[in-house]
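Written out below as structure tokens is the structure these notes cover.
As a basis for the values below, the full set of heavy atoms in this structure was taken, side chains included, without hydrogen atoms, waters or symmetry mates. First listed ligand is number 1; within each ligand, the first listed atom is number 1. Along the sequence shown, residues are numbered consecutively beginning with 1.
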Amino acid sequence: MKQIESIRTALFVPGNRPDRVDKAVNTAADVVIIDLEDAVPHALKSETRPLVRQKLVEHHGHNIFVRVNGLDTEFINEDLDELVVKSLAFIIIPKIERPQHIREANRLLSEIEKKKGIPPGSISIIALIESALGVENAFRIASERTEPNRLFTVAFGAADFALDMGIEISKAGDEIAYPRARLALACRAAGIEPPLDTPFMIDLNDIVALEADAKRAKIFGFQGKLCIHPKQVEICNRIFSPTEEEIEYAAKVVQAFSQAESSGTAAIQVDGKFVDYPVVERSRRILKMAKLID
Ligand code: GLV
Ligand code: MG
């Protein structure tokens with residue numbers, strides 16, 4: 001399966017707006033997702049595919065993913081047929097509700113890869129979970145291993161989740177705490193990468209609320225956030241990166257602990273905080289992450 005270091009931000013761009021793709025690749029987003037699903041009117045799907053394909057080729061070398069239409073739509077076969085190209089490494093598949101959907105996606109992708117002479121397993125999947133059933137099945141979905149293995153992680157879609165549940169999403173997001181926690185736990189327990197959080201859609205001008213929303217997702221264990229406007233990118237990149245203080249403290253912990261350990265102690269205090277093996281390991285990960293995004 002393809003690996004990508006860390007996705008703090010994945011910026012959606014409507015597939016029928018190629019000019020916006022060009023702009024999006026010049027933002028600081030770790031990934032750009034060209035959307036063929038809900039951002040594109042039904043009547044425009046066919047004329048959009050060649051535009052998207054062209055952009056994939058043009059921006060080869062950038063991290064560009066594609067969100068295709070759902071597996072049970074009339075569009076999916078043509079989406080895959082026209083958009084699986086050598087330069088595409090990841091697709092987002094919306095409305096994933098059961099592990100069978102991952103198997104079905106693998107079957108379709110394997111057929112297309114074979115047909116196009118692309119090495120099997122070249123395309124990895126990010127499964128968008130956005131319904132009550134999807135959330136309930138999150139662990140089973142995240143645990144689904146296909147041959148070749150394709151599931152990189154899952155993402156949460158709060159708009160469709162709210163539609164399914166008949167609820168309103170608030171700025172404070174209390175109503176999505178449970179699905180967020182479920183998804184983060186499911187990914188961890190299944191041994192896949194941490195999930196990507198829903199875009200913040202409530203108020204595109206409220207950067208303070210966006211920041212709080214991104215922080216909540218980070219606290220639950222999400223690696224990053226889907227973004228729907230370029231102005232969301234910078235703030236989310238910042239929230240999903242370790243802070244200067246975190247990095248400094250982590251370095252201090254690692255250094256103090258290795259000294260302590262060599263003199264026979266495995267539990268110390270650093271700046272009044274208790275430090276033992278799990279804390280040191282966490283500090284090492286923070287330093288690794290800091291290096292990755294440097
Ligand atoms: C994203 O697709 C969402 O439904 O929020
Ligand atoms: Mg959706």
Looking at [X], which atoms of ligand 1 are within less than 4.0 Å of one of its heavy atoms?
X      : result
Met201 : 5 (O)
Leu128 : 2 (O)
Asp160 : 3 (C), 4 (O), 5 (O)

Query raised in the report: With the Mg ion (ligand 2) at the center, what angle do OE1 from Glu130 and OD2 from Asp160 span, rounded to 10 degrees?
Result: 100°
Requested in this report: Report yes or no: does Glu144 contribute a side-chain atom to a donor-acceptor pair with the main-chain N or O of Leu151 at less than 3.5 Å?
Outcome: no
Query raised in the report: Is it true that a side-chain atom of Thr146 and a backbone atom of Arg103 form a donor plus acceptor pair closer than 3.5 Å?
Result: no
**Report entry** Residue pair Phe257, Tyr277: steps toward the ring-ring contact (aromatic ring centres under 6.0 Å, His included) verdict
**Finding:** CA-CA 9 Å; Phe257 194 83; Tyr277 280 111; 5.2 Å; yes
Quick test: of every protein heavy atom, which one is nearest to [atom], and how far off is it to 0.1 Å?
atom                   : value
atom 5 (O) of ligand 1 : Ala159 N, 2.8 Å
atom 1 (C) of ligand 1 : Glu130 OE1, 3.5 Å
atom 2 (O) of ligand 1 : Arg67 NH1, 2.8 Å

salt_bridge([X], [Y]) N-O dist < 4.0 Å:
X      : Y      : value
Arg285 : Glu281 : yes
Glu37  : Arg67  : yes
Lys252 : Glu248 : no

Report task. Check whether any N, O or S atom of Glu37 sits under 2.8 Å from the Mg ion (ligand 2). Result -> no
Query raised in the report: Would you say Asp38 has an N, O or S atom lying under 2.8 Å from the Mg ion (ligand 2)?
Result: no
Requested in this report: Hey, could you give me the CD/CD distance between Glu97 and Glu130, rounded to the nearest 0.5 Å?
Outcome: 9.0 Å
Query raised in the report: Are there more than 12 heavy atoms of other residues, nucleotides or ligands under 6.0 Å from atom NZ of Lys114?
Result: no
Query raised in the report: Under a heavy-atom criterion of less than 4.0 Å, does Glu37 contact ligand 1?
Result: no
Query raised in the report: Which is it for Asp38 and ligand 1 at heavy atoms under 4.0 Å: side chain, backbone, both or neither?
Result: neither
Requested in this report: Could you say whether the N/O atoms of Ala158 and ligand 1 ever approach to under 3.5 Å?
Outcome: yes
